[in-house]
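The block underneath contains the structure these notes are about, expressed in structure tokens.
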Amino acid sequence: AALLTVRPGIEVALRLPDPLPDDVRYDLEAKSDLEVGSWEVVASRQGSAPWSGVLAGSVVPAGAGFVEVVFPVPEAERRFYRLRLTLVTP
């Protein structure tokens, strides 16, 4: 299970299982409005690979088999965020 927490103008935090499954890709997506259109992938990770994207995530142990990944966000920017999980098959 994953938990997405948004603290506007401060950070976006994800609580994720540790370790992450190798066959799941996690995409943190953002958009400035909820009108029809594409979401922008701002951070992505699959398995044990590091997070990549325009937002740099800091990983902090959260205990009980979880980690918290924190992404600082610009203070003046108002955005909507979602976490998309994709099953990756070989």
Taking a hydrophobic cluster as the set of Ile, Leu, Val, Met, Phe, Trp and Tyr residues connected by side-chain heavy atoms closer than 4.5 Å, whether directly or through intermediates, do V73 and V59 fall within one such cluster? yes

Atom pair CG/CG of L16 and L85 - distance to nearest 0.5 Å: 8.0 Å

Less than 4.5 Å apart, side chain to side chain, heavy atoms only: is that true for F71 and V69? yes

All pairs passing side-chain hydrogen bond (donor to acceptor under 3.5 Å, both in side chains) where residues 40-54 contributes a residue, at least two apart: D27-S44, E40-R79

May I have the step-by-step check of side chain to side chain contact (heavy atoms under 4.5 Å, CB included) for D18 and F66, ending in yes or no? CA-CA 5 Å; D18 184 32; F66 290 90; 5.7 Å; no

Check: V12 and L28 side chains under 4.5 Å, non-hydrogen atoms: yes

Could you go through K31 and R82, starting from their C-alpha distance and side-chain angles, then the distance that decides it, and tell me whether this counts as side chain to side chain contact (heavy atoms under 4.5 Å, CB included)? CA-CA 9 Å; K31 197 167 190 255; R82 71 180 184 185; over 6 Å; no

Return the set of residues passing salt bridge (charged side-chain N to carboxylate O under 4.0 Å, His left out) with E68 (not counting sequence neighbours), or none when no residue passes. none

Side chains of D23 and L87: closer than 4.5 Å at any heavy-atom pair? yes

Side chain to side chain contact (heavy atoms under 4.5 Å, CB included) between L14 and Y26: does it pass, once the steps are laid out? CA-CA 10 Å; L14 304 175; Y26 292 79; over 6 Å; no

Walk me through it: do F80 and L34 pass the test side chain to side chain contact (heavy atoms under 4.5 Å, CB included)? CA-CA 8 Å; F80 297 92; L34 294 177; 3.8 Å; yes

Can you hop from V6 to L83 via hydrophobic side chains spaced under 4.5 Å? yes

Joint hydrophobic cluster, L20 plus V41, side-chain heavy atoms closer than 4.5 Å: no

Tell me the closest heavy-atom pair linking L55 and P72, and the distance in Å. CD2-O, 3.6 Å

Cluster question for you: counting only ILVMFWY and a side-chain heavy-atom cut-off of under 4.5 Å, with indirect links fine, are V54 and Y81 together? yes

